[in-house]
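What follows is a single structure, written as structure tokens, with notes after it.
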Amino acid sequence: MNENYLGRIFEYNNWANRKILDACRNLTDAQLDADPASATYGSIRKTLVHLAAAQKGYLRLLTLPFEQRNSPVTLTYDEVWQTIQESGEALLAIALDPSGIDGMTRIRTRDSFHVEPWVLLVQIINHGDEHREQIKSMLTALGITPPNMDGWMYGEAVGDMVPVTT
Amino acid sequence: MNENYLVRIFEQNNWANQEIIEVCLTLTDEQLDAAPTSATYGSIRETLLHLIASQKGYLRTLILPLEDRRDPVMLTLEEVQESATESGQAFLALARDSSSIDGKTQIITRDGYIVEPWVLMVQVINHGTEHREQIKSMLTALGITPPPTDGWYYGESTGTVAKIAT
């Protein structure tokens, strides 16, 4: 059976989101709200909330009619974990079977753009990687070693990358 | 015809690489070699060379036998644009038609790992985004506005994100 590389990319996105959330789980409020020392969306807290809210927003664009998503996604920090999980699973299902979005075109966004569905799938992956990288930078600035969560590590995590035994 | 979402992800990766390279090629040596003030791979020069050399390396891992890729990929800044284009086009071709790698398994890497092909497809995208984000952070620290390279901007650049006319 041929590999579903798109599915793997979205699986990776979900795994990486869990890794970054785990890394931030035990941060203090001071650490979560520390001013970033590098170019980021905002503090760790703000960036995490933005990451989760945006992913949910992208999913809504793909799955809901305009009139049902005309208000912005607003989340509390406490809602981030569940939101990331739920939207991530839904997006993975789309990646594994995009038939539900294949016929869509000119999706209307809340800020008055028309967008094709593929743009959203690209944006989900790119947006997640960018903001997780920013959070990792902020963790480093706090003296916290960020998780190693690149493709190689995901491959190792699922057993598809292993050291050659000698 | 159904959209090939994997292709779109690799197209965006190629476009984003060229956007970053174009900006970096306008920098002075001092800017290219400035010590980073945030967590990055290294200077802009080092990170850019690493990004593009790695992409070539991932491609070689997928398409060449181990004996033909034992030496590391070495690039100069002058070679970066062409190398990014060549490897990027090759990855795009794989995204369009993965038949040449679908049957592969247990690829041996130069550093002694066995890896499945999908891991490399995930790593190319994640690695590119992470290092481009680091370069963008360093550009910002130099007072240079980095190019937007996310999915939305790629969509706009291809005319598939368009403002609704009022």
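For clarity, every value in this text was computed on a predicted model and none was experimentally measured. Residue numbers start from 1 in every chain, and the chains themselves are labelled A, B, ... in the order their sequence lines are given, proteins ahead of strands.
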If I measure from the heavy atoms of chain B, does [X] come under 4.5 Å with its side chain, its backbone, both, or neither?
X: A/Ile101; result: both
X: A/His114; result: both
X: A/Ile125; result: side chain
X: A/Tyr12; result: side chain
X: A/Asn13; result: neither

Below 4.5 Å, heavy atoms only, C-beta onward: do [X] and [Y] meet side chain to side chain?
X: A/Asn126; Y: B/Gln12; answer: yes
X: A/Val119; Y: B/Trp152; answer: yes
X: B/Thr160; Y: A/Val115; answer: no
X: B/Trp118; Y: A/Asp160; answer: yes
X: B/Glu3; Y: A/Pro98; answer: no

Does atom [atom1] of [X] have more than 12 heavy-atom neighbours from other groups under 6.0 Å away?
X: A/Gln68; atom1: CD; answer: yes
X: B/Lys104; atom1: NZ; answer: yes
X: A/Arg110; atom1: CZ; answer: yes
X: B/Glu82; atom1: CD; answer: no

Spacing of [atom1] belonging to [X] relative to [atom2] belonging to [Y], to within rounding of 0.5 Å:
X: B/Tyr153; Y: A/Gln123; atom1: OH; atom2: CD; answer: 10.5 Å
X: A/Tyr5; Y: B/Phe10; atom1: OH; atom2: CZ; answer: 9.5 Å
X: B/Tyr113; Y: A/Glu156; atom1: OH; atom2: CD; answer: 5.0 Å
X: A/Leu6; Y: B/Tyr5; atom1: CG; atom2: OH; answer: 9.0 Å
X: A/Asp129; Y: B/Asp150; atom1: CG; atom2: CG; answer: 12.5 Å
X: A/Asn4; Y: B/Asp102; atom1: CG; atom2: CG; answer: 10.5 Å

Report, by ascending residue number, the residues of [range] in heavy-atom contact with chain A at a distance under 4.5 Å; give 'none' if the set is empty.
range: residues 105-112 of chain B; result: B/Ile108, B/Gly112
range: residues 121-130 of chain B; result: B/Met121, B/Val122, B/Gln123, B/Ile125, B/Asn126, B/Thr129, B/Glu130
range: residues 33-55 of chain B; result: B/Ser38, B/Ala39
range: residues 131-140 of chain B; result: B/Arg132, B/Glu133, B/Gln134, B/Lys136, B/Ser137, B/Thr140

(request) Applying side-chain contact (heavy atoms from CB on, under 4.5 Å), run through A/Arg8 and B/Val119 and close with a yes or a no. (result) CA-CA 8 Å; A/Arg8 292 291 194 175; B/Val119 177; over 6 Å; no

Do [X] and [Y] share a hydrophobic cluster, counting only Ile, Leu, Val, Met, Phe, Trp and Tyr and linking them when any side-chain heavy atoms are less than 4.5 Å apart?
X: A/Leu96; Y: A/Phe10; value: yes
X: A/Phe66; Y: A/Tyr58; value: no
X: B/Leu66; Y: B/Leu59; value: no
X: B/Leu75; Y: B/Phe91; value: no
X: A/Leu64; Y: A/Leu59; value: no

(request) For chain B, find which of A/Gly155, A/Ser38, A/Pro163 contributes the most heavy-atom pairs closer than 4.5 angstrom. (result) A/Pro163

(request) Kindly give the heavy-atom pair with the smallest separation between B/Val115 and A/Trp152, and that separation in Å. (result) CG2-CZ3, 4.1 Å

